Amino acid sequence: MKMLDLYPAGTRLELGSVTFTAEDIIRFAEKFDPQPFHVDAEAAKAYVFGALCASGWHTCANWMKSFIGFIGREIERLDAEGMEPPRIGPSPGFAELQWLKPVYVGDTITYFMTPLESRTVQGRNRYILNSALSEGVNQHGETVLRFKSNLIEFFPDEEQAQ
């Protein structure tokens, strides 16, 4: 089964939710984005955000974690139903990344992906390129993260041989 057969274009898929704690925000930022407003709650008060907030890269990493969890659950569900799940591969990239609102301590972000279109890519190995709108929405219904993502999908074995 192909991804767009399973999730038609325009279907908004809820991938999962993550609540951001001060400890997680600081731990991520200390390793990957050690700016004062991500690592020091007191210092963060003097910056434009006014309080400790998550790195945008942290919000993106949690989108990816939620996507991988969603796909894993869907593969298990489809296998249990006797259906062949899509053969998802890597992403060749994304575009138009926007961090629209800060993510503060205690915010719960729910992540979504809305498939937009797919096309067959010819080359040494033929594959499907799926594009989607990817988002994170806080508990107040405000979009905090948005980007266009691309995802490679391999054809089922019988189609690849054609």
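This one's a predicted model, so the numbers in the text were calculated from it and none came from an experiment.
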Joint hydrophobic cluster, [X] plus [Y], side-chain heavy atoms closer than 4.5 Å:
{"X": "Val39", "Y": "Tyr104", "value": "no"}
{"X": "Val121", "Y": "Phe94", "value": "no"}
{"X": "Ile25", "Y": "Leu100", "value": "no"}
{"X": "Phe147", "Y": "Met113", "value": "yes"}
{"X": "Phe37", "Y": "Val105", "value": "no"}

(message) With side chain to side chain donor-acceptor pair (under 3.5 Å) as the test, pick out the partner of Gln139 among Thr108, Thr19, Asp107.
(response) Asp107
Pairs of donor and acceptor atoms involving the side chains of residues 63-71, under 3.5 Å and at least two apart or interchain, shall be tabulated with distances.
residue	atom	partner	partner atom	Å
Trp63	NE1	Phe112	O	3.1
Ser66	OG	Asn62	O	2.9

At their closest point, which heavy atom of [X] faces which heavy atom of [Y], and how far apart are they?
{"X": "Ala9", "Y": "Leu4", "answer": "N-CD2, 3.7 Å"}
{"X": "Ala54", "Y": "Phe20", "answer": "CB-CD2, 3.8 Å"}
{"X": "Lys101", "Y": "Thr143", "answer": "CG-O, 4.0 Å"}
{"X": "Glu153", "Y": "Lys2", "answer": "OE2-CA, 3.0 Å"}

(request) State whether the number of non-hydrogen atoms from other residues, nucleotides or ligands found under 6.0 Å of Glu81 atom CD is greater than 12. (result)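 Enclosed: over 12 neighbouring heavy atoms sit under 6.0 Å from CD of Glu81.
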(request) Taking Arg119 for its side chain and Ser131 for its backbone only, find out whether a donor-acceptor pair lies under 3.5 Å. (result) no
(request) Output yes when Glu23 and Arg27 qualify as a salt bridge under the 4.0 Å nitrogen-oxygen rule, no when they do not. (result)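 Salt bridge flag = no for Arg27 with Glu23.
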(request) May I ask you to decide whether Glu74 forms a salt bridge with Arg77, counting only side-chain N to carboxylate O separations under 4.0 Å? (result)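 A salt bridge links Glu74 with Arg77.
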(message) Do Asn130 and Pro86 have side chains that approach each other closer than 4.5 Å (heavy atoms only, starting at C-beta)?
(response) no
(message) Side chains of Ile26 and Thr21, heavy atoms from C-beta outward: is any pair under 4.5 Å?
(response)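 Answer no - side chains too far apart.
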